[in-house]
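The structure displayed is predicted, hence computed values, not measured ones.
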Amino acid sequence: MKFEFNKRSFTYDCLKIRENEFFLLCGLSVNEFDCLFACLMPFLHLIVYPDCVQSLEKLDSNNKLLDDRTELLVALTVARHAVDLVIMAKLVSGSSSTISRVFVAWMVFLCCVLDEVNLKPLPGFIEAFLPRVFVDAGYADCGILGDNTETWIAQSENFELNNVTFSHYKNHTTGKVSVWIFPHGALCKCSDAFPGSISDEQITEQIDVIDYCPKGKVVLTDKGFAISDLCHEKGVNHNRPPMKFNTQYDENDISLNFDIATLRIYNENAIGRIRDWSILNKCWPSGRVDLLGICWIALAHIVNLTKKPVGPNETQDSDAQLP
C-alpha cells in the first residue's frame, strides 16, 4: 500500500517505525536522530520561537502544533530537501508562518548548543588516529586541513551589499564558509558565513582555527590560503600546493600538487557530506542571509556527531580504533 503523508502520519512516532522513509526525509537514521535528540534534551527549555507571543518561555505541549521530536524532524526535513515552507505546512496541517518559526528556532538552537562542543584534540589524539595515507605521502606531521566553500546569495537592490558579497571566484554574490577537519576526517571547525569578497586568509585569521593545530604540526590548505605568516606566529607550519609562476609546473611541483590533492580530498568529502542537506546548495534569499552561517554550523555539527569520519579507515597504528 502506498504510504501517504497527512496530519496523523507526519510525526516522529509514526515515521520512526518506517525507517526508510524516516532516513529519506531527514538524512538521519532513527538511531542517529535519537542520539542527536538525547544530546539536545537537557537544553530544550532554551528554544526561542521568533515572533511568538510565548517565545520568552517554553510553550506548553498542549498549545503546540507539534511535539519536540517532530519539530526537529520537520526542521531537518526542510534543510535536507530545501522543502518549501508552504508544502511542509500542508504536510503537518499547520501554517507556513508556524513552520518558519519552527525552522528558525531549531536551527538557531542547534547552532548555539552544538557549537559549544569543544572539538580541540587532546594531546596525542591526532597521532593515534593518523591515517596511513598521510604517512605514505610524507605528511605524518599534518595537524589540520582546511578549505572554504561558497553558497550563492540572491542579489539585493542595495548596491553596497552586492559589492561586499560579490565573489570574483564564483562571479556572483555569495556567502563564504570555512570548513576545517582533522586528518582522520572529523570536524575541527565550521565558521559562520562571511561576505563572498573576503579573502581566505582573512577568514582564517578571524575564526582562530589555527589554535586547534598542535604546536609544531602542519596546516594543509589549498594554494589560495596565504597564511604562512599567521601559522608561524601560532607556532605551526603551513603547507600548500606550489603556485604556478611559469607556463607550466615542473616535475617536482606536479608531484607535490598530486600528494597534497590526494590528502585534501578528505576535506572536500567533508564539505560534500554537509552539502547533502540541499538547503545549503540553493540560492539563499538576501533577506535571510543571517541564517546561512547558522545552518552551516548546525548541519556540520550534526554530521560530525552522527556520521563516521570521512577519512580513510586505515590508521598508522593498526590497533587504534576511533571511539
Side-chain angles (χ1 to χ4, degrees), residues 23-28 32-33 36 71-88 99-100 102-115 117 119 145-156 161 165-167 169-181 185-198 200 203 207 209 222 264-310:
F23 178 79
L24 290 174
L25 283 171
C26 68
L28 301 180
E32 291 170 343
F33 184 95
L36 173 63
E71 283 189 353
L72 177 57
L73 178 61
V74 166
L76 293 179
T77 300
V78 170
R80 183 71 174 184
H81 301 285
V83 180
D84 190 279
L85 299 183
V86 175
I87 296 177
M88 181 55 68
I99 300 303
S100 176
V102 168
F103 177 76
V104 173
W106 274 92
M107 283 296 118
V108 173
F109 172 67
L110 288 165
C111 174
C112 293
V113 173
L114 297 179
D115 205 36
V117 178
L119 299 178
L145 303 88
D147 200 1
N148 293 336
T149 184
E150 299 183 62
T151 298
W152 279 28
I153 297 175
Q155 292 188 350
S156 169
L161 179 61
T165 57
F166 185 82
S167 168
Y169 180 70
K170 294 293 185 180
N171 197 32
H172 199 278
T173 49
T174 67
K176 184 180 290 188
V177 175
S178 192
V179 178
W180 295 72
I181 65 170
L187 181 68
C188 170
K189 179 79 172 181
C190 180
S191 76
D192 199 351
F194 290 82
S197 61
I198 194 171
D200 295 338
I203 292 183
I207 65 177
V209 69
D222 192 9
R264 288 190 59 256
I265 191 64
Y266 302 113
N267 207 157
E268 299 292 343
N269 290 343
I271 294 174
R273 177 178 283 185
I274 302 171
R275 282 190 176 273
D276 282 343
W277 272 264
S278 298
I279 197 170
L280 302 178
N281 303 320
K282 298 294 183 180
C283 187
W284 208 268
S286 58
R288 292 320 310 261
V289 71
D290 57 318
L291 278 176
L292 177 57
I294 289 173
C295 290
W296 265 101
I297 294 173
L299 296 173
H301 280 285
I302 289 175
V303 170
N304 189 56
L305 177 65
T306 60
K307 307 295 184 181
K308 292 183 179 179
V310 296

List the steps and the verdict of side chain to side chain contact (heavy atoms under 4.5 Å, CB included) for Arg80 and Cys26. CA-CA 6 Å; Arg80 183 71 174 184; Cys26 68; 5.6 Å; no
Between Val177 and Cys190, is a side chain to side chain contact (heavy atoms under 4.5 Å, CB included) present by the stated rule, with each step listed? CA-CA 7 Å; Val177 175; Cys190 180; 3.8 Å; yes
Start with the C-alpha distance between Leu110 and Ile294, add both sets of side-chain angles, then the distance that settles side chain to side chain contact (heavy atoms under 4.5 Å, CB included), and finish with yes or no. CA-CA 9 Å; Leu110 288 165; Ile294 289 173; over 6 Å; no
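Among all heavy-atom pairs drawn from Pro309 and Ala186, the shortest one is CB-N, 3.9 Å. Of all non-hydrogen atoms in Ala75 and Trp106, the two that sit nearest each other are CB-CB, 3.9 Å. Across Ile153 and Gly175, no two heavy atoms sit closer than the pair CD1-N, 3.4 Å. The two residues Cys283 and His172 make their nearest non-hydrogen contact at SG-CE1, 4.5 Å. The minimum heavy-atom distance between Pro285 and Ala154, with the atom names listed, is CA-CB, 4.4 Å.
The distance from the CG atom of Asn171 to the CZ atom of Phe166 is 4.0 Å, given to the nearest 0.5 Å. Here the straight-line distance linking atom SG of Cys188 with atom CD1 of Ile181 works out to 9.0 Å at 0.5 Å rounding. Taken to the nearest 0.5 Å, the CD1 atom of Ile279 stands 11.5 Å off from the OG1 atom of Thr77. In this structure, CG in Leu292 is found 11.5 Å from CZ in Phe194, a value given to the nearest 0.5 Å. From Leu36, atom CG reaches atom CG of Leu72 across 5.5 Å, with rounding to the nearest 0.5 Å. From Leu76, atom CG reaches atom CG of Leu25 across 10.5 Å, with rounding to the nearest 0.5 Å.
Shown here are the side-chain hydrogen bond (donor to acceptor under 3.5 Å, both in side chains) partners of Thr173, two or more places apart in sequence or in another chain: there are none. Applying the side chain to side chain contact (heavy atoms under 4.5 Å, CB included) test to Ser156 and every residue at least two apart in sequence or in another chain returns Asn158, Leu161, Asn162, Ser286. For the side-chain hydrogen bond (donor to acceptor under 3.5 Å, both in side chains) test, no residue two or more places apart in sequence or in another chain qualifies with Asp84. Partners of Thr151 by side-chain hydrogen bond (donor to acceptor under 3.5 Å, both in side chains), not counting sequence neighbours, listed by chain and number: Trp296. Listed by chain and residue number, Asn148, Lys176, Phe225 satisfy the side chain to side chain contact (heavy atoms under 4.5 Å, CB included) test with Asp200 (two or more places apart in sequence, or in another chain). Under the rule for a side-chain hydrogen bond (donor to acceptor under 3.5 Å, both in side chains), the partners of Arg275 that lie at least two apart in sequence or sit in another chain are Thr149, Asn281. Legend: residues meeting ring pair (Phe, Tyr, Trp, His ring centres under 6.0 Å) with Phe103, ordered by chain and number and at least two apart, are absent. Checked against ring pair (Phe, Tyr, Trp, His ring centres under 6.0 Å), Trp284 has no partners two or more places apart in sequence or in another chain. Every residue two or more places apart in sequence or in another chain was checked for a side chain to side chain contact (heavy atoms under 4.5 Å, CB included) with Leu24, and none qualifies. Under the side chain to side chain contact (heavy atoms under 4.5 Å, CB included) criterion, Lys170 pairs with Glu150, Trp152, Ser167, Thr174, not counting sequence neighbours.
Remark: the backbone N or O of Leu187 is paired with a side-chain donor or acceptor of Asn304 at under 3.5 angstrom. Panel note: side chain Asp222, backbone Asp147; no donor-acceptor pair is recorded below 3.5 Å. Formation of a donor-acceptor pair under 3.5 Å by the Ser278 side chain with backbone atoms of His81 is not found in this model.
Between Ile302 and Leu28 there is a side-chain heavy-atom pair separated by less than 4.5 Å. In this structure, Tyr266 and Leu145 have side chains that are not in contact, with every pair of non-hydrogen atoms separated by 4.5 Å or more. Looking only at side-chain heavy atoms (C-beta outward), Met88 and Val74 come within less than 4.5 Å of each other. Inter-residue side-chain proximity for Thr165 and Ser197 is flagged as unmet; no heavy-atom pair is nearer than 4.5 Å. Side-chain contact between Phe33 and Thr306 is absent, with no heavy-atom pair separated by less than 4.5 Å.
Annotation: salt bridge (charged side-chain N to carboxylate O under 4.0 Å, His left out) contacts involving residues 285-300, sequence neighbours excluded, comprise Arg288-Asp290. Listed by first and then second residue, the salt bridge (charged side-chain N to carboxylate O under 4.0 Å, His left out) pairs that reach into residues 297-306 come to none, sequence neighbours excluded.
Of the residues Val179, Ile207, Ile297, the one that meets the side-chain contact (heavy atoms from CB on, under 4.5 Å) test with Ser191 is Ile207.
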